[in-house]
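Step one of this worksheet: look at the structure below.
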Amino acid sequence: MLIPEEELLKKIQEMGRQISEDYAGKELLIVCVLRGGVFFACELAKHITVPVRMDFMCVSSYEDGTESLGRVKILKDLDENLEGRHVLIAEDIVDSGNTLNKLMKVLEVRRPASLKLCTMLDKPERRTADIDVDYTCFEIPDEFVVGYGLDYAQKYRNLPYIGVLDLDEDN
Ligand code: IMP
Ligand code: MG
């Protein structure tokens, strides 16, 4: 176990309070990045006191490197129009930052009033893309983690805490 459930919930609640202050008087559109961001985005939304809309998006990066920067494969697009909206992307974890770097570029084109990024976990040691994270719950070391939305081969998302994967135990 790396982060117990109580610590996670406490930090997410604090983040919700901070976001409510920062967006006072505004309406917020939370863009949850599927699938890993779903537990975090839903818990966070519960602690935000300004009016909130939620929308969901599923993306994957092109792996082969032949695609130009700023492109990301959209597996499920948003239903909401972003124009003039205050948009906050909610991610499970920022690792290299490549996916989010591209996703931000895609969403900026849709002319939101503002576009910010919040993440439950950040592995800053692994960063290769230039990306500004506006809100982070926890910085973690370079380990493969699962739980609270994060998977290994689609398993362990339902763990209520963040754990480090033990490959010997996974079978
Ligand atoms: P990035 O483009 O390298 O930042 O990729 C981030 C994505 O990789 C995250 O949204 C996760 O889906 C996945 N990922 C990165 N690190 C981990 C981890 O430790 N556990 C589970 N998924 C991870
Ligand atoms: Mg993800």
Side-chain angles (χ1 to χ4, degrees), residues 1-5 7-9 11-12 15-16 19 29-45 54-80 82 87-110 112 115-171:
M1 175 158 351
L2 186 66
I3 308 170
E5 184 176 17
E7 268 184 55
L8 264 179
L9 296 180
K11 274 278 182 190
I12 297 172
M15 187 188 275
I19 289 169
L29 173 62
I30 296 179
V31 169
C32 170
V33 184
L34 296 172
R35 301 173 208 170
V38 73
F39 286 57
F40 167 60
C42 293
E43 184 60 29
L44 179 67
M54 295 185 77
D55 204 351
F56 300 84
M57 192 166 188
C58 191
V59 297
S60 80
S61 285
Y62 289 101
E63 296 296 322
D64 60 11
T66 57
E67 293 292 332
S68 62
L69 204 77
R71 288 211 50 197
V72 67
K73 195 192 225 165
I74 298 176
L75 304 175
K76 185 223 171 287
D77 205 343
L78 298 169
D79 294 320
E80 299 279 336
L82 299 192
V87 176
L88 180 64
I89 302 174
E91 250 291 24
D92 50 359
I93 187 164
V94 184
D95 188 32
S96 73
N98 285 322
T99 315
L100 278 168
N101 179 284
K102 293 176 187 173
L103 178 61
M104 299 280 277
K105 287 183 179 146
V106 168
L107 298 187
E108 264 159 21
V109 174
R110 303 183 186 182
L115 181 61
K116 287 194 177 187
L117 172 60
C118 68
T119 186
M120 178 171 67
L121 304 178
D122 187 358
K123 282 190 211 172
E125 286 168 49
R126 299 254 309 163
R127 194 79 83 258
T128 56
D130 180 26
I131 179 171
D132 283 330
V133 185
D134 299 284
Y135 305 94
T136 305
C137 287
F138 294 95
E139 288 193 355
I140 61 165
D142 181 12
E143 306 236 42
F144 196 86
V145 291
V146 293
Y148 217 78
L150 289 151
D151 73 304
Y152 170 68
Q154 299 305 328
K155 290 192 291 186
Y156 308 119
R157 291 192 197 276
N158 59 316
L159 293 177
Y161 56 87
I162 303 290
V164 176
L165 183 69
D166 181 349
L167 271 178
D168 295 333
E169 272 182 33
D170 178 75
N171 47 42

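As the structure lists them, so they are numbered: ligands from 1, and atoms in each ligand from 1. Here, residue 1 is the first one in the sequence, and each next residue gets the next number. Everything quoted here is computed from the prediction, not taken from an experiment.
Contact annotation for Arg126 and ligand 1: no heavy atom of the residue comes within less than 4.0 Å of the ligand. In Asp151, the part holding a heavy atom less than 4.0 Å from any atom of ligand 1 is the backbone. Under 4.0 Å from ligand 1, the heavy atoms of Leu150 that appear belong solely to its side chain.
Proximity to Glu143 (heavy-atom distance under 4.0 Å) selects the following atoms of ligand 1: 19 (O). Atoms of ligand 1 found under 4.0 Å from any heavy atom of Thr99 (numbered from 1 in listed order, with element): 1 (P), 2 (O), 5 (O). Atoms of ligand 1 found under 4.0 Å from any heavy atom of Lys123, numbered from 1 in the order shown, are 16 (N), 17 (C), 18 (C), 19 (O). Near Glu91, with a cut-off below 4.0 Å to any heavy atom, the atoms of ligand 1 are 10 (O).
The shortest separation from a heavy atom of Val146 to ligand 1 is not under 4.0 Å, leaving the residue out of contact.
Taking the ring centre of Phe56 as origin, the terminal cationic atom of Lys76 falls outside the region bounded by 6.0 Å and 45° from the ring axis.
Residue Gly97 has at least one nitrogen or oxygen atom sitting less than 3.5 Å from a nitrogen or oxygen atom of ligand 1, judged on distance alone.
A salt bridge does not link Asp92 to Arg35: none of the charged nitrogens lies less than 4.0 Å from a carboxylate oxygen. Of the charged side-chain nitrogens involved, none lies within less than 4.0 Å of a carboxylate oxygen, so that Asp142 and Arg127 do not count as a salt-bridged pair.
Here the side chains of Asp151 and Tyr156 are not in contact, with every heavy-atom distance at 4.5 Å or above. Inter-residue side-chain proximity for Arg157 and Tyr148 is flagged as unmet; no heavy-atom pair is nearer than 4.5 Å.
Judged by distance alone, with hydrogens and angles left aside, the side-chain atoms of Asp55 form no donor-acceptor pair with the main-chain N or O of Val31 at under 3.5 Å.
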**Item:** Trace of the side-chain contact (heavy atoms from CB on, under 4.5 Å) decision for Ile162 with Met120
**Value:** CA-CA 10 Å; Ile162 303 290; Met120 178 171 67; 3.9 Å; yes
